[in-house]
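Reading through the structure tokens given below for one structure.
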Amino acid sequence: MKPDVTRLEKVIITVATTGGLHGKEANPALPEQPKDIVQAMKDSYDAGASIAHIHARDKSGLTTSDPTVYQEILRGIVERCPGMITQVGNGIGVRYTRGRDKPADGFTQAERMAPLDLDPRPDMLTVNAGTFHFQHRQTEFLFDNSKAWNTQFIAGCNERGIQNEFEVYDLSHIANIMKLKHLGVVTGPMHFSMVIGIDGGIPASPQNLMTMIDALPDDCSWQVVCIGKHQMPLCAIVLAMGGNIRVGFEDNVYYHHGVLAQSNAQFVERAVRMARELGREIATPEEARQMMQMRAAKAQSTFAEAA
């Protein structure tokens with residue numbers, strides 16, 4: 001893909017309010033319970049976010065795969081944020097079974113397959129596009145995302161009319177998705193999220209970002225997901241090149257160096273200002289759906305229905 005600094009297409013902003021790793025110990029303002037996550041999504045929606053990237057926590061604040069918690073969050077977003085694109089993270093996060101100060105575990109592939117049957121159905125489910133050693137604090141495990149397993153997951157999404165977000169943590173992950181496209185597994189529009197700066201994935205740098213963009217197909221939509229201190233500099237580069245961005249507490253808990261952010265909406269508000277300074281307006285949820293070749297919001301289900 002050839003980036004275009006003269007491209008003034010509207011910007012799609014995704015907000016990832018919670019994530020599946022750190023909690024309130026990292027920032028007391030991070031929302032953990034469903035009502036707080038929904039409120040954070042509503043505030044971010046009002047500020048300009050079109051996509052809600054969702055992870056869930058149990059009553060103690062620990063990452064959970066419990067479908068009832070996800071469904072409560074989904075219903076709240078559908079009811080309070082008309083048209084907002086709902087996107088559930090297929091990786092779930094890490095499970096602290098021995099305490100937050102001990103190494104954590106990943107979730108099973110059966111648990112990661114369960115979001116296929118959420119009610120209401122999310123608009124999008126993420127596909128983690130390759131296997132790698134995921135690292136976070138004291139935790140390291142093999143994050144198994146084989147093409148065989150992803151083929152099963154994508155087939156389940158296709159059967160249910162759920163679109164995918166392809167999260168690519170390295171250059172080879174883009175090649176994995178393109179192979180699945182060639183094999184006919186990936187059949188719909190492609191939306192790539194280049195995840196940069198995760199320990200175990202590709203390091204955050206402008207050079208690595210440009211290499212990944214160059215490997216993207218021309219007929220896709222794309223955004224950067226950048227972690228920590230590199231988030232805003234690389235988001236600025238992407239905005240200048242016509243791409244889209246993700247912000248929120250999942251990726252960064254600091255607003256400035258040493259200064260904790262007050263809310264997810266604060267990140268969205270800054271992203272909106274940055275985009276407009278570069279001559280780019282913000283896509284509404286309806287416009288984002290058109291840009292990503294998604295179904296209209298009026299067709300989305302708030303209750304179970306046949307695919």
Side-chain angles (χ1 to χ4, degrees), residues 1 3 11-22 26 30 40-41 44 48-55 85-94 122-130 132 134-136 143 145 163-174 176-177 190-216 220-254 261 264 267-268 270-271 274-275 283 288 291-292:
M1 171 176 285
V11 179
I12 300 170
I13 297 176
T14 298
V15 62
T17 60
T18 304
L21 302 176
H22 49 270
L30 186 145
M41 292 296 187
S44 298
S50 292
I51 301 177
H53 183 79
I54 303 164
H55 289 269
I85 297 165
T86 53
Q87 180 187 93
V88 171
N90 151 285
I92 307 294
V94 297
D123 292 298
M124 303 183 81
L125 287 171
T126 67
V127 171
N128 295 277
F132 64 103
F134 181 90
Q135 295 173 286
H136 176 68
F143 191 25
N145 298 290
Q163 197 158 315
N164 292 127
E165 175 222 15
F166 300 112
E167 295 198 352
V168 293
Y169 298 78
D170 216 331
L171 192 61
S172 62
H173 297 183
I174 299 174
N176 289 344
I177 296 303
M190 291 185 290
H191 179 67
F192 285 91
S193 291
M194 293 171 290
V195 186
I196 299 179
I198 284 282
D199 197 354
I202 195 167
S205 73
Q207 293 84 358
N208 286 339
L209 171 64
M210 293 303 299
T211 299
M212 293 185 81
I213 292 173
D214 189 55
L216 295 175
C220 74
S221 56
W222 58 282
Q223 69 174 4
V224 68
V225 176
C226 193
I227 308 304
K229 65 183 180 181
H230 302 286
Q231 183 183 61
M232 282 298 104
L234 291 192
C235 279
I237 293 172
V238 166
L239 287 172
M241 295 190 300
N244 306 298
I245 61 174
R246 188 176 97 175
V247 297
F249 281 147
E250 176 172 356
D251 304 328
N252 192 4
V253 297
Y254 289 96
N264 282 281
F267 283 122
V268 177
R270 179 167 65 181
M274 291 171 61
M291 292 164 66
M292 296 170 65

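Judged purely by atom type and a 3.5 angstrom limit, S44 has no side-chain atom pairing as donor or acceptor with the backbone of V15. Side chain of Q163 to main chain of M292: a donor-acceptor pair is present (N/O by atom type, distance under 3.5 Å, no hydrogens or angles). Side chain of N244 to main chain of I13: no donor-acceptor pair is present (N/O by atom type, distance under 3.5 Å, no hydrogens or angles). Looking only at distances, a side-chain donor or acceptor of N264 sits under 3.5 Å from a matching main-chain atom of T17. Without hydrogens or angle criteria, D199 side chain to Q135 main chain gives no donor-acceptor distance under 3.5 Å.
The minimum heavy-atom distance between A271 and V247, with the atom names listed, is CB-CG1, 4.4 Å. When every heavy atom of A26 is checked against every heavy atom of V253, the shortest pair comes out as O-CG2, 3.9 Å. For the residue pair L216 and C220, the shortest heavy atom distance occurs at CB-SG, 4.1 Å. For the residue pair S221 and H191, the shortest heavy atom distance occurs at OG-ND1, 2.7 Å. Taking each heavy atom of V268 and A49 in turn, the nearest pair found is CG1-N, 3.7 Å. Heavy atoms only, all atoms of each residue included: G228 and N252 are closest at O-ND2, 3.4 Å.
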Evaluate the criterion side chain to side chain donor-acceptor pair (under 3.5 Å) for residue pair T18 and H55; output intermediate values, then yes/no.
CA-CA 6 Å; T18 304; H55 289 269; over 6 Å; no
Please report the C-alpha distance between H230 and I196 in whole Å, then the side-chain angles of each, then the deciding distance to 0.1 Å, and finally whether the side-chain contact (heavy atoms from CB on, under 4.5 Å) criterion is met.
CA-CA 9 Å; H230 302 286; I196 299 179; over 6 Å; no
E167 vs T126, side chain to side chain donor-acceptor pair (under 3.5 Å): CA-CA, chis, key distance, verdict
CA-CA 7 Å; E167 295 198 352; T126 67; 4.6 Å; no
In sequence, state the C-alpha distance, the side-chain angles, and the governing distance for I54 and M41, and then conclude on side-chain contact (heavy atoms from CB on, under 4.5 Å).
CA-CA 9 Å; I54 303 164; M41 292 296 187; 4.1 Å; yes
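Note: H136 and H22 have tilted aromatic rings, judged against thresholds of 30 and 60 degrees for the angle between ring planes. Taking the six-membered ring where tryptophan is involved, the planes of F132 and Y169 are tilted, since the angle between them lies from 30° to 60°. Taking the six-membered ring where tryptophan is involved, the planes of F166 and F192 are tilted, since the angle between them lies from 30° to 60°.
At least one side-chain heavy atom of L21 sits under 4.5 Å from a side-chain heavy atom of F134.
How far CD1 of I245 is from CD1 of I237: 12.5 Å, rounded to the nearest 0.5 Å. In this structure, CG in N208 is found 11.0 Å from CD1 in I213, a value given to the nearest 0.5 Å. The distance from atom CD of Q87 to atom CG of L125, rounded to the nearest 0.5 Å, is 8.5 Å. In this structure, M194 CE and M212 CE are separated by 6.5 Å, a value rounded to the nearest 0.5 Å. Rounding to the nearest 0.5 angstrom, the gap separating the CG atom in N90 from the CD1 atom in I92 is 6.5 Å. Atoms NE2 and CG, on H53 and D251 in that order, are 8.0 Å from each other to the nearest 0.5 Å.
T14 and Q223 share a donor-acceptor pair across their side chains, judged by distance under 3.5 Å alone.
For OH of Y254, the number of neighbouring non-hydrogen atoms (other residues, nucleotides, ligands) closer than 6.0 Å is 12 at most.
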